[in-house]
Each structure stands twice: as C-alpha cells, then as structure tokens.
Amino acid sequence: MAFDGHDLNDYLQSAINVAKAGGELIIETFYKEKSIETKSSSADLVTETDKAVEKLIFSTLKNKYPQHSFIGEESVSDGEAVEYTDNATWMVDPVDGTCNFVHSFPTVAVSIGLTINKQAVVGVVYNPILNEMYTAIKGGGAFLNNKPIKVSGQTELCKSLIIHELGSGREADKMEINRQNIHRVVQEGKVHGTRSMGSAALNMSFVARGAAEAYFEYGLHCWDYCAATIIVQEAGGCVRDPGGGEVDLMARRVIGGSSVKIVEDISKLLTPIEFERD
Ligand code: LIP
C-alpha cells in the first residue's frame with residue numbers, strides 16, 4: 001500500500017519485526033525483579049527494560065530509515081525535544097503499561113506508530129505476554145494476529161462498556177475532574193460498566209477488536225495513542241479530540257469509539273483537563 005510515495009507495507013513489516021524483538025526483552029524480564037525509577041510523579045515509572053526496548057527499536061528503525069524522524073517516550077524523558085513535522089515520524093512507547101510491567105500484570109504492549117503529514121498511517125501494538133499483535137496501515141484494515149478485526153459498531157451509550165484511565169499524574173485538581181468525568185459517564189450515560197487496563201495502546205486496541213465501545217483519557221502522550229489511533233480507525237471506529245474535531249496527537253487527550261455517536265455522546269459529558277502539549 002503506497003501513501004504519498006511511501007511503502008506502508010515495508011514500514012509495517014519493519015515495525016512488526018522490531019516489536020517482536022522488543023517483546024522478547026519484555027518476556028525475559030517480565031517475572032523478574034525490576035529496578036524502577038520514577039519520572040514526573042511517584043506513579044510515572046521507568047525500568048531498564050523500557051530503556052533497552054526503546055534503544056533496540058530506535059537503532060533498528062533509524063538504521064533502516066535514516067531520513068525519518070523519531071519520538072520515543074524514554075528519549076523525551078531524557079530531555080530530547082519532540083519534533084513533530086510532516087516528515088515520516090515514528091512514535092514509540094517501548095513498554096506501554098510500565099506500571100503493569102513492574103507488577104507483572106499482563107497488559108503491557110510495545111507500541112509503534114508512524115505519522116506522515118501528521119496523520120497516523122501505520123500502527124503496531126504488541127502484547128508479548130498474551131501474544132496479541134494488533135496491526136494496521138492506512139486503507140488496509142486492522143488485524144489481530146493477522147485476522148481482521150472491527151469495532152462493535154454500537155451507537156447507544158447505555159449498551160456500552162467504556163474504558164478510561166486515571167493516568168500517572170497525581171495533581172488533586174486534575175484527579176478530581178477525572179473522577180467527575182467518569183462519574184458522569186456512568187450516571188448520565190447509564191453505561192454497562194467501565195474498565196482500566198493501564199495501557200492506552202491496549203485500551204484502544206480493545207475498542208478496535210469490538211471488546212469495548214469507547215476509551216478516553218486526558219494526560220497521556222503521543223506515543224501512547226499514535227499506533228492505536230490508526231488501528232481503531234482501520235477497524236471502522238472513530239478517534240477524535242474529546243474537545244471536538246480531529247484527533248490531535250500532540251494534545252495529550254483522546255477519545256476513540258465504536259461509532260461517531262458514542263464518541264460525541266461521551267465527549268459531551270467530559271470536562272476538559274488541561275495538560276501542556278507534547
Ligand atoms: C501509560 C498509558 C496509560 C496511562 C498512564 C501511562 P506508560 O503509559 O498507557 O494509559 O494512563 O498514565 O501514560 O507510561 O506505561 O508507557
């Protein structure tokens with residue numbers, strides 16, 4: 001599949017290969033004791049494995065695509081600037097769900113997305129522990145372990161299962177708005193239930209596979225939702241900025257759902273939580 005002169009199939013295959021290699025490192029260390037450091041808050045964690053997986057992914061993809069740009073969770077934490085342009089840009093979260101990884105809770109994923117002209121066009125979300133590989137390229141459909149997936153298509157909020165996250169920030173005012181948002185979605189939306197898996201990439205992939213109707217979060221980063229954005233879109237779902245309009249990968253907020261109606265109905269119930277852009 002070509003996009004603006006780029007061979008998306010080649011990029012997808014490279015992302016799949018390197019996600020599997022990164023996944024091997026996660027599997028090796030998953031049940032071992034980890035050395036943990038904290039970043040922006042006591043709940044924002046990083047381990048040696050996060051760093052090793054990002055290093056592996058970056059060195060492999062930079063070697064193959066030296067003209068491309070790269071944004072990675074751990075590189076940015078180490079002070080690298082986020083440079084987001086129209087250039088082909090890889091957005092990498094080596095271990096999405098680091099807190100889960102630390103606790104050997106099996107929803108963790110290597111998340112590798114690619115944007116061209118600021119649009120997500122390739123997405124790989126790989127959970128090596130459960131051996132689930134979600135993939136998509138623009139115009140090519142979405143897959144779980146090579147089998148096509150699609151969203152549930154549900155349009156009624158009162159028949160929906162909703163995923164949300166507390167996030168890793170611990171500022172009291174933001175946590176309070178988050179709590180009120182969830183409360184409103186449950187009470188006013190009369191939803192079937194809510195879930196939190198601790199990984200934005202997997203949360204969105206669950207919407208893509210039709211296992212939940214929507215996911216929203218404020219405060220996450222571009223590397224958490226870039227790959228899964230194209231996966232949900234290619235599964236027939238809708239991904240937007242919860243403030244309205246197209247999804248904005250730098251806005252640190254996202255809502256993805258099984259239908260435009262579900263996304264709009266939930267968005268109306270949400271009070272925005274402000275974060276500095278990526
Ligand atoms: C995590 C996200 C999750 C969010 C956490 C964190 P990490 O990514 O996937 O949805 O709630 O705050 O950002 O830090 O484990 O890669």
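One is the number of the first residue; the rest follow in order along the sequence. From a predicted model like this one, the values you see are computed outputs, not experimental measurements. Note that ligands are numbered from 1 as they come in the structure, with each ligand's atoms numbered from 1 the same way.
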Distance to 0.1 Å, residue and atom name: give those for the protein heavy atom nearest to [atom].
| atom | answer |
| --- | --- |
| atom 14 (O) of ligand 1 | E73 OE2, 3.2 Å |
| atom 8 (O) of ligand 1 | D96 OD1, 3.0 Å |
| atom 13 (O) of ligand 1 | D224 OD2, 3.5 Å |

Nearest-0.5 Å distance that lies between atom OG1 in T194 and atom OH in Y215: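 So the OG1 of T194 and the OH of Y215 are separated by 13.5 Å.
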Mutual orientation of the aromatic rings belonging to Y65 and W90 [parallel < 30°, tilted 30-60°, perpendicular > 60°]: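 Y65 vs W90 ring planes: parallel.
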Parallel, tilted or perpendicular: rings of H68 and F70 (30°, 60°):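 Taking H68 first and then F70, their aromatic rings sit tilted (interplane angle of 30° to 60°).
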SB check E264 R240 (cutoff 4.0 Å):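 R240 and E264: salt-bridged.
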Side-chain ion pair, E73 and K39, N-O less than 4.0 Å: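 A salt bridge links E73 with K39.
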Whether over 12 other heavy atoms sit under 6.0 Å from N146 CG: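 No, because the 6.0 Å sphere around CG of N146 holds 12 heavy atoms or fewer from other groups.
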Q67 atom CD, over 12 foreign heavy atoms within 6.0 Å: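 Above 12, so yes.
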Which atoms of ligand 1 are found less than 4.0 Å from any heavy atom of [X]?
| X | result |
| --- | --- |
| S199 | 9 (O), 10 (O) |
| S168 | 12 (O) |
| E165 | 10 (O), 11 (O) |
| G167 | 11 (O), 12 (O) |

ILVMFWY network linking I27 to F105, side-chain heavy atoms under 4.5 angstrom: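 No, because I27 and F105 fall into different hydrophobic clusters, even though each may have its own neighbours under 4.5 Å.
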Minimum non-hydrogen distance to atom 10 (O) of ligand 1, winning option of R252, E217, E74: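 Shortest heavy-atom distance from atom 10 (O) of ligand 1: E217.
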Closest candidate by heavy atom, reference atom 16 (O) of ligand 1, pool D93, V254, L202: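 Shortest heavy-atom distance from atom 16 (O) of ligand 1: D93.
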Distance-only N or O hit between ligand 1 and L220, under 3.5 Å: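 In fact, backbone or side chain, L220 has no N or O that close.
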Heteroatom distance test (V95, ligand 1): nitrogen or oxygen, under 3.5 angstrom: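 Min N/O separation from ligand 1 is below 3.5 Å for V95.
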Region of A200 that comes within reach of ligand 1 [heavy atoms, distance under 4.0 Å]: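 It is both parts that get close, each with some atom under 4.0 Å.
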Nearest heavy atoms of V207 and S258, plus distance in Å: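 Where V207 meets S258 most closely, the heavy atoms are CG1-N, 4.1 Å.
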Sub-4.0 Å protein heavy atom next to atom 6 (C) of ligand 1: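 Looking at atom 6 (C) of ligand 1, one finds that no protein heavy atom lies closer than 4.0 Å.
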